[in-house]
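Just below is one structure, and these are the notes that go with it.
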Amino acid sequence: MPWIDEHVAPVSSDVCDLIKHRVKQLSPRRPDQQQSSRLVNDLRDSLLDFLKKNKKQPFFRSVTVLNSGSYYETVKINYPNEFDMMLLLPTPRLTWIELEEYHGLHYSVSLVRPTRSEVQAFLLDDGLIISASRILCGMRCLVKNFISTYKVPEGVGRWVLNRKLPSSPAVTLSLMCSAQDADQESELMSVDIVPALEVPESQGWPLAAQHGLQVDNWLGKKARRDLTKQCFYFVPKKPKGRNLSNTAKESWRISFSHIEKQIIKNHGHARTCCEAPATKCCRKRCLMLLKCLIEGLKVRFPDELERLCSYHGKTVFLHTLSKRGNDSQWAPSDLPSSFMALLSALEDHVSNSELPHFFIPAYNLFAAPAFPRKALSCLQRALDEQRKLGLPLLKLPSPAHPLTINPSPPDPPLCTERDNSQTKNMTT
DNA sequence: AGAAACTAAGAGCAT
DNA sequence: ATGCTCTTAGTTTC
């Protein structure tokens, strides 16, 4: 049957050129990647070695690693300076209770029966509920001990433990280096380390997740069946907000990072998408452009858009791919209009104040208080402005990086006239 | 557990 | 500019 595309407004040739120009400079450069991967791989290998031998927390001896996040999805933009790793913790059989008002995103997680397994060091007084805060603190303590003994290869700087953030599931390490000629140290890269409870596939996904992942018209029904019969994870994240109930303080958030990674790697209607030059598509590059725009917006409105993050972009992307499932709609030559379609989708989600979590459709990522109304209205105005002015944020140069092996001169600007007035005077 | 095979994508070069 | 090949990092498989 013929595929009816949505109405795509023609993209002005200026904006077309801008998009095509920007997308060429988005992915990390090879020397940077080489340096970053060496540093982070050495850190990971050594940390794993440390955990497997550690005496203090036997529970962490059995971790395995899941590399996740945009670097490993090959959609990281600009510099390979942010890495995510999940430390997967096998547990005895679990059960979970949805926390009211979080619509299936947050849970209280318990053992089904008392245990002699090593998790017992992390249980609440009832001997069954798993304490998110104690797992996170326990891991933080191990990581802290680890970096105090760890030597960075070739002495390129030192890893420091970042301050604990109230609702973050991660222990974050930053690699601090002294730049040439400077007294001060600056951050070369950071690694988020997130502990995760693995719930085996045999237990099935929570009810709230059973109606998400609407990919039948894109990846297909069989692919959906295969994806939904995998395991899932819980990560120790409490909801934002004051006056949390006692159960909410020990809350776990469901995580499908492994599924997201698989989808982004295998993202076509046809299984063969992007396998050969003839079957290339522009989906990932569209996501990278959207991430670029989101980062730019956050730099311009750091306070108002504090809660906006790349996960919002990724979620809009996944919904858009679901609706616009045919590979012919993402031909490389159509990158500008495809990106504009993605941008329109973001604008629609913003103006409807509705962005369902891709796996937990009842959870609205654009609902207050997690995403405040003033952030949403700021985002709406900012996107209107970007569209009206021809996406000036895509003209901004990539942020400077403190330490590259071969610092290269910045590329010549696309537009000859120095025109900052467009981008500077955006009122809120 | 470790090596080999496979995949994605940057980079250089020829056309 | 476009496409071809080589190289490298990451993942999977046996």
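So you know, we letter chains A, B, ... as the sequences are listed, proteins then strands, and number each from 1. These numbers were taken from a predicted model, which means no experiment stands behind them.
- Applying the side-chain contact (heavy atoms from CB on, under 4.5 Å) rule to A:E154 yields the partners A:R38, A:V156; only residues at least two apart in sequence or on another chain are considered.
- In this structure, A:K298 has no salt bridge (charged side-chain N to carboxylate O under 4.0 Å, His left out) partners at least two apart in sequence or on a different chain.
- Judged as a side chain to side chain donor-acceptor pair (under 3.5 Å), the pairs with a partner in residues 128-148 of chain A (not counting sequence neighbours) are, in order, A:S131-A:S133, A:S131-A:E250, A:S133-A:E250.
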Using residues 166-175 of chain A as the side-chain source, report each donor-acceptor pair under 3.5 Å to any protein atom, sequence neighbours left out, with the distance given to one decimal.
{"unit_1": "A:S167", "atom_1": "OG", "unit_2": "A:K240", "atom_2": "NZ", "d": "3.4"}
{"unit_1": "A:S168", "atom_1": "OG", "unit_2": "A:A170", "atom_2": "N", "d": "3.0"}
{"unit_1": "A:T172", "atom_1": "OG1", "unit_2": "A:D192", "atom_2": "OD1", "d": "2.7"}
{"unit_1": "A:S174", "atom_1": "OG", "unit_2": "A:N162", "atom_2": "OD1", "d": "2.9"}
{"unit_1": "A:S174", "atom_1": "OG", "unit_2": "A:N162", "atom_2": "ND2", "d": "3.2"}
{"unit_1": "A:S174", "atom_1": "OG", "unit_2": "A:E187", "atom_2": "OE2", "d": "2.6"}

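- With sequence neighbours left out, the side chain to side chain donor-acceptor pair (under 3.5 Å) criterion links A:S36 to no other residue.
- Contact annotation: A:Y71 side-chain N/O to C:dG10 OP1/OP2 distance is under 4.0 Å.
- Under the side chain to side chain donor-acceptor pair (under 3.5 Å) criterion, A:Y311 pairs with A:E260, A:H357, sequence neighbours left out.
- Of the charged side-chain nitrogens involved, at least one lies within less than 4.0 Å of a carboxylate oxygen, so that A:K314 and A:E73 count as a salt-bridged pair.
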What are the atom names and distances for every N/O pair under 3.5 Å that joins the protein to nucleotides 12-14 of chain C?
none

Which atom pairs link the protein and nucleotides 9-12 of chain B when you take only N or O atoms and keep those under 3.5 Å?
{"unit_1": "B:dA9", "atom_1": "OP1", "unit_2": "A:T74", "atom_2": "OG1", "d": "2.9"}
{"unit_1": "B:dA9", "atom_1": "OP1", "unit_2": "A:K284", "atom_2": "NZ", "d": "2.7"}
{"unit_1": "B:dG10", "atom_1": "OP1", "unit_2": "A:S27", "atom_2": "OG", "d": "3.0"}
{"unit_1": "B:dG10", "atom_1": "N2", "unit_2": "A:R30", "atom_2": "NH2", "d": "3.2"}
{"unit_1": "B:dG10", "atom_1": "N3", "unit_2": "A:R30", "atom_2": "NH2", "d": "2.7"}
{"unit_1": "B:dA11", "atom_1": "OP1", "unit_2": "A:R30", "atom_2": "N", "d": "2.7"}

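- With sequence neighbours left out, A:C231 forms a side-chain contact (heavy atoms from CB on, under 4.5 Å) with A:E198, A:E201, A:Y233, A:H258.
- Applying the side chain to side chain donor-acceptor pair (under 3.5 Å) test to A:R285 and every residue at least two apart in sequence or in another chain returns nothing.
- Residue pairs meeting the side chain to side chain donor-acceptor pair (under 3.5 Å) criterion with at least one member in residues 58-70 of chain A, sequence neighbours excluded: A:R44-A:N67.
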Could you go through nucleotides 2-7 of chain B and list every protein N or O atom that sits under 3.5 Å from one of its N or O atoms, giving the distance for each pair?
none

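- Phosphate proximity of C:dT11 to A:N67: present, with a side-chain N or O under 4.0 Å from OP1 or OP2.
- Residue A:K261 is classed as a sugar-phosphate contact, given heavy-atom separations below 4.0 Å to backbone atoms only.
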